[in-house]
Amino acid sequence: MVKRVFSGIQPTGTMHIGNYFGAIRNWVSLQNEADCIYCIVDYHAITIDVDPKELRTASQSMALDLLACGIDPERSILFVQSDVPTHTELEWIFGCVTSYGDLSRMTQFKDKSDKQEFVSAGLFTYPILQAADILIYRADGVPVGEDQVQHLELSRRIARRFNSRFGEYFPEPEPIVRKGARIMSLADPTSKMSKSAGEVHYVGVMEPETSIRKKVRSAVTDVGLEVGAAMSPGVANLFEILELACESVGDTATVAELKTEFADGKLLYSRLKDTTFERLMDVLRPIQERRAKLAASGNVVELLQAGARKATKIASATMVDVRRLVGLGTSA
RNA sequence: AGGCCCGUAGCUCAAUUGGCAGAGCAUCCGACUCCAAAUCGGAAGGUCGGGGGUUCGAGCCCCUCCGGGCCUGCCA
């Protein structure tokens, strides 16, 4: 049984429904099962080129998104990474127990570095900081998507190597993998929904209704259905979204109904799209309304700073232990 | 510290001896479609990395700065 959960999200752009159904929804429900620490990872964000003017507002905007989705600052700790700078101190120490070979095998580094002409050392050491983020709170559970499993495995390795070299101290964090929820791009259902692919590929959680309708209506389907044939990727993806949305609002009938129609070859895709859109909005509308209220209340910064104070307390205690174990500094 | 190469639309790249800045993909609108995709038709998109100079005229030549890549050296 996991006692302390840690997870982070980058403050880049807007949250999309892939983030929401894939990760954030789990963050919210995990609040009922464990002590949760959620972090907006702005140090990670600067591994690639970002506009300083936008970064700070993006962090606050992401905080609003998270709060609107149901992260509860009374029960959980929500803060901005760089407000607790000891993360980077632990990163250096971890960097010294991380092998170069392990890092160079990270597929996400290879993917990202291929797409850029300037490849920063920070992009390379990214997974070390991630390990520090998790372990500075000695978290034992980390909700992750499939793409992050490899990084978490490295975190476990780092914990193990630190422990064997300096003494048993860090837990090996376990991945918490919740059911499926790998939402694909609407415009290209063979690749995962992401912000970087472009505007038409994702649906933002806070996006205006008219815009969401348009994107759902424009989703790629297929040329027509033979009765009994398997779903094409685009149709399967729409069903996935529909199913997740229905589940969130407690609608148990609709998916089965449409699936029967599909099996009989009677399902019109326009109906599938319209229904998916309606259910999706049932989920997103309350989130959007909550977000508007939170934004108007104007106290996000205080909330985040209060979160940072709570996080600092835990992180600082860890660092006192770590410095002692490693033999750093002058004070015992 | 030295040497070589590069910077043009969101992306990949063209542009003859210095002579009207273009194409493909992506984007937007329309046609087709149950809805879309594909396809077809149309539209939009640019401080040619910045600044200075030569010239009737500079994306192209010269100077300078910025950014990026590769190589050598030095220090740790």
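By convention in this document, chain letters (A, B, ...) are assigned in the order of the sequence lines, proteins followed by strands, and residues within each chain are numbered from 1.
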Exercise for the section: Only counting residues at least two apart or in another chain, list the ones meeting salt bridge (charged side-chain N to carboxylate O under 4.0 Å, His left out) with A:Asp188. Expected result: none
Fill in the blank from the handout: In 5'-to-3' order, the base (B), backbone-only (S) or no-contact (-) status of each nucleotide in nucleotides 23-33 of chain B, using a 4.0 angstrom heavy-atom cut-off, is ----SSS----
Problem - Same apolar cluster (I L V M F W Y, side chains within < 4.5 Å links), A:Leu268/A:Val216 - result: no
Exercise for the section: Report the hydrophobic cluster partners of A:Tyr43, with the cluster defined as I, L, V, M, F, W, Y residues connected by side-chain heavy atoms closer than 4.5 angstrom, directly or transitively. Expected result: A:Leu129
Exercise for the section: Write down the distance separating the C1' atoms in B:C74 and B:G68, rounded off to the nearest Å. Expected result: 23 Å
Exercise for the section: Consider only side-chain heavy atoms of I, L, V, M, F, W and Y, link residues closer than 4.5 Å, and tell whether A:Phe124 and A:Leu152 are in one cluster. Expected result: yes
Exercise for the section: Between A:Ser270 and A:Val119, just flag the one whose closest nucleotide in RNA chain B comes earlier from the 5' side. Expected result: A:Ser270
Problem - Same-atom distance (C1') from B:G10 to B:U27, integer angstrom - result: 8 Å
Could you give the side-chain donor-acceptor pairs of residues 227-238 of chain A under 3.5 Å, partners two or more places apart or in another chain?
residue	atom	partner	partner atom	Å
A:Ser232	OG	A:Asp222	OD2	2.5
A:Asn237	OD1	A:Met184	N	2.9
A:Asn237	ND2	A:Met184	O	2.9

Practice task
Report the distance from atom OH of A:Tyr269 to atom P of B:A37, rounded to the nearest whole Å.
Solution key: 15 Å
Completion exercise
Rounded to whole Å, CG of A:Asp49 lies from P of B:G68 at a distance of 9 Å
Mind listing the side-chain donor-acceptor pairs of residues 298-312 of chain A below 3.5 Å, one per line with the distance, residues two or more places apart or on another chain?
residue	atom	partner	partner atom	Å
A:Asn299	OD1	A:Ser297	OG	3.1
A:Lys310	NZ	A:Pro73	O	3.4
A:Thr312	OG1	A:Ala308	O	2.6

Handout entry: Nucleotide B:A37, atom P - distance to CZ of A:Arg217 in whole Å
Key = 12 Å
Exercise for the section: Using a heavy-atom cut-off of under 4.0 Å over every strand shown, decide if A:Thr221 touches base, sugar-phosphate, or nothing. Expected result: base
Would you tabulate the side-chain donor-acceptor contacts of residues 96-103 of chain A under 3.5 Å, counting partners in other chains and residues two or more places apart, or write 'none'?
residue	atom	partner	partner atom	Å
A:Thr98	OG1	A:Phe94	O	2.6
A:Ser99	OG	A:Asp102	N	3.0
A:Ser99	OG	A:Asp102	OD2	3.4
A:Asp102	OD1	A:Arg105	NH1	3.0
A:Asp102	OD1	A:Arg157	NH2	3.4
A:Asp102	OD2	A:Arg157	NE	2.8

Completion exercise
Residues pairing under ring-ring contact (aromatic ring centres under 6.0 Å, His included) where one sits in residues 44-66 of chain A, two or more places apart or in two chains, turn out to be A:His44-A:Tyr126
Exercise for the section: Please state the P separation for the pair B:C13 and B:U55 - nearest whole angstrom. Expected result: 36 Å
Exercise for the section: With sequence neighbours excluded, tell me which residues meet ring pair (Phe, Tyr, Trp, His ring centres under 6.0 Å) with A:Tyr38. Expected result: A:Trp27
Exercise for the section: Sort and list the pairs that fulfil salt bridge (Lys or Arg N to Asp or Glu O under 4.0 Å) and have at least one residue in residues 119-141 of chain A, not counting sequence neighbours. Expected result: none
Completion exercise
note: A:Met184, atom CE; B:A37, atom C1'; distance rounded to Å ~ 16 Å
Practice task
Please measure how far the P atom in B:C48 lies from the corresponding atom in B:U8, and state the result in whole Å.
Solution key: 11 Å
Practice task
Could you work out the separation of B:G69 and B:C28 based on their C1' atoms and round it to a whole Å?
Solution key: 35 Å
Problem - Between B:C35 (C1') and A:Phe262 (CZ): distance, integer Å - result: 14 Å
Exercise for the section: Take atom C1' in B:A43 and the same atom in B:G51, then report the distance between them in whole Å. Expected result: 35 Å
Problem - A:Leu267 CG - B:C35 P separation (whole Å) - result: 14 Å
Exercise for the section: Just need the stems in RNA chain B: three or more back-to-back Watson-Crick or G-U pairs, each with both distances under 3.5 angstrom, sorted by first number. Expected result: B:1-7 with B:66-72, B:10-13 with B:22-25, B:27-31 with B:39-43, B:49-53 with B:61-65
Handout entry: Distance between P atoms of B:A58 and B:G53 (Å, rounded)
Key = 12 Å
Exercise for the section: Measure from CZ on A:Arg271 to P on B:C35 and round the result to the nearest Å. Expected result: 16 Å
Exercise for the section: Would you mind reading off the distance between A:Leu272 atom CG and B:A36 atom P, rounded to a whole angstrom? Expected result: 13 Å
Fill in the blank from the handout: Out of B:A37, B:G68, B:C35, minimum distance to the side chain of A:Glu117 belongs to B:G68
Handout entry: Min side-chain heavy-atom separation A:Leu272-A:Leu242 under 4.5 Å
Key = yes
Practice task
Show which residues join A:Val50 in its hydrophobic cluster (side-chain heavy-atom contacts under 4.5 Å, direct or indirect), or state none.
Solution key: A:Ile46, A:Leu55
Handout entry: Among B:C34, B:G68, B:C35, the nucleotide that comes nearest once only the side chain of A:Phe118 is considered
Key = B:G68
Exercise for the section: Could you measure between the two C1' atoms, the one in B:C20 and the one in B:G57, and give it in whole Å? Expected result: 12 Å
Handout entry: Pi-cation contact, A:Tyr202 with A:Lys215 (under 6.0 Å, within 45°)
Key = yes
Short heteroatom pairs, N/O only, protein and nucleotides 7-9 of chain B, under 3.5 Å:
none

Exercise for the section: For the side chain of A:Val223, starting at C-beta, report the closest nucleotide among B:C34, B:A37, B:C35. Expected result: B:A37
